[in-house]
Number of protein chains: 2
Amino acid sequence: MARKSLAEKAESRTRILGAAAKLIRTNGIEGTTVAEVMEEAGMTHGGFYRHFDSKEDLVAEAISVAVQDALNFFSSGDSATHEEATAYVSNYATKEHARAMASGCPIPLLSAEVARGSDAWRDALRAGVTKTTKKLTDGLNLKDETDALVLLSTLVGGLLIARGVGEGALQDKLLSGITERVQA
Amino acid sequence: MARKSLAEKAESRTRILGAAAKLIRTNGIEGTTVAEVMEEAGMTHGGFYRHFDSKEDLVAEAISVAVQDALNFFSSGDSATHEEATAYVSNYATKEHARAMASGCPIPLLSAEVARGSDAWRDALRAGVTKTTKKLTDGLNLKDETDALVLLSTLVGGLLIARGVGEGALQDKLLSGITERVQA
DNA sequence: TATCTAAGGTGATCAATAACATCTAAATGT
DNA sequence: ACATTTAGATGTTATTGATCACCTTAGATA
C-alpha cells in the first residue's frame, strides 16, 4: 500500500529483525521462511526485499540480535559482576531454558546450522561467543578464557542434549547434573 | 526396470539408510531431500516409498544408523575398555572431527533439529546418548553416569561451538582447551 | 511345473511452499 | 507542485515431499 516515513521504516526493520531472531531460534534457520518472518512482523512478504538483500543477510543480522539479546542478561559494558555471572550459569541448564526456545541462548540452537552457513553467520556467532567468554572469565574470576570456553561448552552441550533427548528422566538427570557439578 | 529379490531389496534399504545417515549429518535434516538420498543410494526418488512411509520415518531410522555408527568406535557389548574410552575422549574435540561432518558424532550435528522433530527422533537420539554414557562411565571408571553426562556435554558443546565459530584462533583455543582440561 | 499375484523400481506428475522479481501508489524533498 | 523514491501487494519460477501408472519379475499357490 502506502509508503512509510523514515522513522517508520526503521521501526519496520527492527520488527523484522526481532521476528527473525525469535523464529530462527524456535524453528531453525532453514525452518523459518521469509513470509513467516514478515507476517510475525505485521507485514506481507513482498516488502521484505526493501529492507534486506536476501534471507541470508537477514539471518546474519538476526543472529547478532539474538546474541545481543542473550548478552542483555549482563549489565552493559565489557565486564560482568559476580552475581550476574553465577546467575547466568545457574539459570542456563534448567528446564525453563530448555523450553524457552524463542528467547533462549542462540548458541545451542543455531550453531549446527551456522556451521554449514555463510562466513557472516559464523562471524556473528563468534562475536557472541567471545563476548560471553569475556563476561564469564571476568565475573567468575576464572584463571583464563580457556576455562570460560570449557565452561560454556559444558552448558551449551548440556542444554543441547537435554533438548535432543526430550523431557524425561534422562533430561532431568542431565540438567541437574550440569547445574550441580559445574558451579565452581 | 525389473523387480528385485528380497535380498536385493534389503540391500537397497541399507543403502538408502546409509546415504541418509551421511547426508543428514552433512546438510542437516531439513537440508536433505528425499531425492538426494535416493540419488546417493543409486536409485530414483519414486521408489523411496516402497521402503519408507515418509521422510520422517526414514530420518528416525537414519538417526539410529548414525548413532550406531558412532558407537562402533567401541567394541561391541555394553561395556568399554579404558583404552577405547580415553581414545574416544581425546579424538572428540579435534579439528579432524570438526571437519568430518558426514561420519561425525550425530549428537552435536542433529540434536537441535531433533529437539524440534518427532518423538521417534528423540527416542533414537536418547538411545545413543544412553549407550555412550554407559561406555564412558564404565571405560573411564567414573563415579556415576552423571559424571559421564557432564563429560559428554562438554565434548558435544565444544565441538558444536568450534564448528559454529568456524576455523581460526578461537576454534583452536577452544578445541585444545577442551582436550587438555577434560581428560581426567 | 505352470500360473498368478504382489511387489521393486522408474519417471512423470501433483499440490504446497519456497525464494525472488515486478508493479503500484503514496510520501518525500527540492 | 512535481519528479523521485520506495513500502508493501501481486506474480512468477523453482523445489519440496508425496503419489501415480506402468513395466518387469520374484515368489507364493495349486
Side-chain angles (χ1 to χ4, degrees), chain A residues 1-24 26-63 110 113-114 116-118 120-121, chain B residues 1-24 26-63 110 113-114 116-118 120-121:
Chain A
M1 295 292 251
R3 177 175 175 187
K4 297 295 182 66
S5 73
L6 287 176
E8 285 174 307
K9 180 179 182 184
E11 277 177 37
S12 293
R13 198 186 145 92
T14 302
R15 281 210 318 284
I16 295 170
L17 279 171
K22 171 183 166 185
L23 286 171
I24 63 176
T26 305
N27 303 322
I29 295 171
E30 291 192 272
T32 299
T33 70
V34 171
E36 280 173 354
V37 171
M38 292 302 280
E39 190 183 5
E40 176 82 18
M43 286 173 277
T44 55
H45 75 280
F48 171 76
Y49 295 92
R50 295 294 163 188
H51 293 278
F52 301 93
D53 284 343
S54 65
K55 180 184 175 182
E56 186 175 306
D57 286 350
L58 167 70
V59 169
E61 291 199 46
I63 292 171
L110 302 179
E113 284 185 282
V114 166
R116 298 189 298 267
S118 72
W121 294 4
Chain B
M1 293 289 193
R3 179 178 171 183
K4 297 297 180 68
S5 73
L6 286 177
E8 285 174 308
K9 180 181 182 183
E11 277 178 38
S12 293
R13 199 187 144 92
T14 301
R15 281 210 318 282
I16 295 171
L17 279 171
K22 172 184 165 186
L23 286 171
I24 64 176
T26 305
N27 303 322
I29 296 172
E30 290 193 272
T32 300
T33 69
V34 172
E36 279 173 353
V37 170
M38 292 301 281
E39 190 182 6
E40 176 83 18
M43 285 174 279
T44 55
H45 77 281
F48 171 77
Y49 295 90
R50 297 284 181 188
H51 294 277
F52 301 92
D53 284 344
S54 64
K55 180 185 176 181
E56 185 175 307
D57 286 351
L58 167 71
V59 170
E61 291 200 46
I63 292 171
L110 302 178
E113 284 185 282
V114 167
R116 297 189 298 267
S118 73
W121 293 5

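Within every chain, numbering begins at 1; the chains are lettered A, B, ... in the order of the sequence lines, protein sequences first and strands thereafter.
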In whole angstroms, how far is the [atom2] atom of [N] from the [atom1] atom of [X]?
{"X": "A:Asn27", "N": "C:dA18", "atom1": "CG", "atom2": "P", "value": "11 Å"}
{"X": "B:Met43", "N": "C:dT10", "atom1": "CE", "atom2": "C1'", "value": "12 Å"}
{"X": "B:Met38", "N": "C:dG11", "atom1": "CE", "atom2": "C1'", "value": "12 Å"}
{"X": "B:Leu6", "N": "D:dA28", "atom1": "CG", "atom2": "P", "value": "7 Å"}
{"X": "B:His51", "N": "C:dA7", "atom1": "NE2", "atom2": "P", "value": "13 Å"}
{"X": "B:Arg50", "N": "D:dT24", "atom1": "CZ", "atom2": "P", "value": "16 Å"}
{"X": "B:Lys4", "N": "D:dG27", "atom1": "NZ", "atom2": "P", "value": "13 Å"}
{"X": "B:Glu39", "N": "C:dT10", "atom1": "CD", "atom2": "C1'", "value": "14 Å"}

To check you understand the geometry: which heavy-atom pair defines the closest contact between [X] and [Y], and what is its length?
{"X": "B:Thr44", "Y": "B:Met38", "result": "O-CE, 3.4 Å"}
{"X": "A:Arg15", "Y": "A:Ala41", "result": "NE-O, 2.8 Å"}
{"X": "A:His51", "Y": "A:Ser12", "result": "CE1-CB, 3.8 Å"}

Over 12 non-hydrogen atoms of neighbours within 6.0 angstrom of CD in B:Glu8: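 Count over threshold, so yes.
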Atom NZ of A:Lys55 with >12 non-hydrogen neighbours under 6.0 angstrom: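 Atom NZ in A:Lys55 is crowded, with more than 12 foreign heavy atoms closer than 6.0 Å.
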Does a side-chain N or O of B:Ser12 approach OP1 or OP2 of C:dG9 to a distance below 4.0 Å, or not?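 For B:Ser12, the contact criterion (side-chain N or O under 4.0 Å from OP1 or OP2 of C:dG9) is met.
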Atom pairs under 3.5 Å, N or O on each side, protein against nucleotides 16-19 of chain D: can you list them with distances?
{"from": "D:dG17", "atom 1": "OP1", "to": "B:Thr32", "atom 2": "O", "distance (Å)": "3.3"}
{"from": "D:dG17", "atom 1": "OP1", "to": "B:Lys55", "atom 2": "NZ", "distance (Å)": "3.0"}
{"from": "D:dG17", "atom 1": "OP2", "to": "B:Val34", "atom 2": "N", "distance (Å)": "3.1"}
{"from": "D:dA18", "atom 1": "OP2", "to": "B:Tyr49", "atom 2": "OH", "distance (Å)": "3.0"}
{"from": "D:dA18", "atom 1": "OP2", "to": "B:Lys55", "atom 2": "N", "distance (Å)": "2.9"}
{"from": "D:dA18", "atom 1": "O5'", "to": "B:Tyr49", "atom 2": "OH", "distance (Å)": "3.3"}
{"from": "D:dA18", "atom 1": "N6", "to": "B:His45", "atom 2": "NE2", "distance (Å)": "2.5"}

Interatomic distance, B:Phe48 atom CZ to B:Arg13 atom CZ [nearest 0.5 angstrom]: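 Answer for the CZ-CZ pair, B:Phe48 versus B:Arg13, is 9.5 Å.
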